[in-house]
Peer 1: 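Once you've had a glance at the structure underneath, I'll fire off some questions.
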Amino acid sequence: MKITKIKLFTFLIAITMVSCYQQERKCTDFKTGKFEFTQEIDGKIQTSTFERTDSLQIETYNGKTDTASVRWVNDCEFILQKTHPKNMQEKKAITMKILSTKDKTYTFEYSFVGDAKTQKGTVTKIN
């Protein structure tokens, strides 16, 4: 009986401590503005910049500019759909989910809509 009470007490303490830790998610701070995304592709650092309004995202990468519509699902999730896709791959919508925010950056997870494979990245707000 005494061991059960100790286990219960330990469990309650653990749950309390876990519930107190919550990553910051001020997603609305990142709905609009100018951003920079840096990633490593084939061993080289690649950077793209983009500007997002409530309904559009205009991205420049390697001197080329693409426009996508933005549809917010909730404050931390949105779907990107290229406005002028050049092939079937570009016609696929991308779902984006902001996982955490800190200062001028947010960490996100993204995938093609309906695809279970996700990737993560970090974006910096530059304006």
Side-chain angles (χ1 to χ4, degrees):
M1 185 84 163
K2 197 172 194 177
I3 293 175
T4 305
K5 287 182 180 181
I6 292 172
K7 285 182 181 179
L8 179 62
F9 180 73
T10 303
F11 175 75
L12 290 174
I13 293 293
I15 291 294
T16 302
M17 292 183 76
V18 169
S19 66
C20 290
Y21 176 75
Q22 189 173 7
Q23 289 185 327
E24 183 177 325
R25 280 182 77 185
K26 294 182 181 179
C27 300
T28 56
D29 292 351
F30 297 94
K31 278 193 166 185
T32 61
K34 290 185 179 182
F35 304 89
E36 183 176 86
F37 175 55
T38 303
Q39 63 182 335
E40 186 177 325
I41 300 174
D42 297 327
K44 296 179 184 176
I45 299 295
Q46 303 288 325
T47 301
S48 66
T49 57
F50 59 94
E51 186 167 355
R52 186 167 50 231
T53 66
D54 284 333
S55 60
L56 286 177
Q57 181 166 302
I58 302 167
E59 181 175 6
T60 302
Y61 173 70
N62 278 344
K64 296 179 183 176
T65 301
D66 274 326
T67 303
S69 64
V70 176
R71 183 172 58 86
W72 287 92
V73 177
N74 58 47
D75 283 344
C76 296
E77 295 180 56
F78 60 97
I79 296 173
L80 290 176
Q81 180 76 55
K82 286 198 175 192
T83 55
H84 304 290
K86 295 175 182 69
N87 54 48
M88 290 301 287
Q89 181 73 11
E90 289 186 359
K91 285 185 179 184
K92 294 181 179 180
I94 298 172
T95 182
M96 311 282 279
K97 181 178 182 180
I98 298 174
L99 302 174
S100 64
T101 64
K102 184 175 182 181
D103 301 325
K104 296 264 184 202
T105 65
Y106 68 86
T107 300
F108 68 102
E109 177 179 83
Y110 64 101
S111 67
F112 288 109
V113 171
D115 193 349
K117 182 182 176 187
T118 62
Q119 296 184 24
K120 290 185 180 180
T122 301
V123 168
T124 303
K125 189 169 188 176
I126 53 178
N127 182 6

Peer 1: Suppose the criterion is salt bridge (Lys or Arg N to Asp or Glu O under 4.0 Å): which pairs have a residue in residues 78-93, not counting sequence neighbours?
Peer 2: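 Of all non-adjacent pairs touching residues 78-93, those that pass salt bridge (Lys or Arg N to Asp or Glu O under 4.0 Å) are D66-K82, D66-K86, K82-E90.
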Peer 1: Given T60 and E51, is the side chain to side chain contact (heavy atoms under 4.5 Å, CB included) satisfied, shown in steps?
Peer 2: CA-CA 9 Å; T60 302; E51 186 167 355; over 6 Å; no
Peer 1: Where do I79 and A93 come nearest, in terms of heavy atoms and distance?
Peer 2: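 Looks like CG2-CB, 3.8 Å.
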Peer 1: Would you compute the distance between atom OG1 of T122 and atom NZ of K102 and round it to the nearest 0.5 angstrom?
Peer 2: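 T122 OG1 to K102 NZ: 11.5 Å, rounded to 0.5 Å.
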Peer 1: How close do D75 and K31 get, counting heavy atoms only, and between which atoms?
Peer 2: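 D75 and K31 have their closest heavy atoms at OD1-NZ, 3.4 Å.
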Peer 1: Please report the shortest heavy-atom distance between S69 and L56, naming the atom on each side.
Peer 2: CA-CD2, 4.2 Å
Peer 1: Is the backbone of K117 close enough, under 3.5 Å, to the side chain of D115 for a donor and an acceptor to pair up by distance?
Peer 2: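 The answer is yes, because a donor-acceptor pair under 3.5 Å joins these two groups.
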Peer 1: Side-chain heavy atoms nearer than 4.5 Å, only ILVMFWY residues, links allowed to pass through others: does that put I58 and F78 together?
Peer 2: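 No, it is not one cluster - the side chains of I58 and F78 are not joined through contacts under 4.5 Å.
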Peer 1: When you check the side-chain N and O atoms of T47 and T38, is any donor under 3.5 Å from an acceptor?
Peer 2: yes
Peer 1: Within this structure, what is the NZ-CG distance for the pair K104 and N127, rounded to the nearest 0.5 Å?
Peer 2: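 Here the rounded value is 8.0 Å.
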Peer 1: Give a yes or no on whether the backbone of L99 and the side-chain of K120 come within a donor-acceptor separation of less than 3.5 Å.
Peer 2: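 Here the side-chain-to-backbone pair does not exist.
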Peer 1: For F50, which of F35, F37, Y61, F30 qualifies under ring-ring contact (aromatic ring centres under 6.0 Å, His included)?
Peer 2: F35
Peer 1: So, S111 versus T95: side-chain donor-acceptor pair below 3.5 Å or not?
Peer 2: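 S111 vs T95: no donor-acceptor pair found between side chains.
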Peer 1: Minimum heavy-atom separation for T101 and C27, please, with both atom names.
Peer 2: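 The pair with the smallest heavy-atom distance is CG2-N, 4.3 Å.
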Peer 1: Any chance you could lay out the side chain to side chain contact (heavy atoms under 4.5 Å, CB included) test for Q89 and F112, step after step, and finish with the verdict?
Peer 2: CA-CA 10 Å; Q89 181 73 11; F112 288 109; 3.0 Å; yes
Peer 1: Calculate, to the nearest 0.5 Å, the distance between atoms CG and NZ belonging to D103 and K26 respectively.
Peer 2: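 It comes to 9.0 Å.
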Peer 1: Are I98 and V73 linked, directly or through intermediate hydrophobic residues, by side-chain heavy-atom contacts shorter than 4.5 Å (ILVMFWY only)?
Peer 2: no
Peer 1: Determine whether more than 12 heavy atoms belonging to other residues, nucleotides or ligands lie under 6.0 Å from atom NZ of K97.
Peer 2: no
Peer 1: Do you know which two heavy atoms are closest between K125 and T32, and how far apart they sit?
Peer 2: NZ-O, 3.1 Å
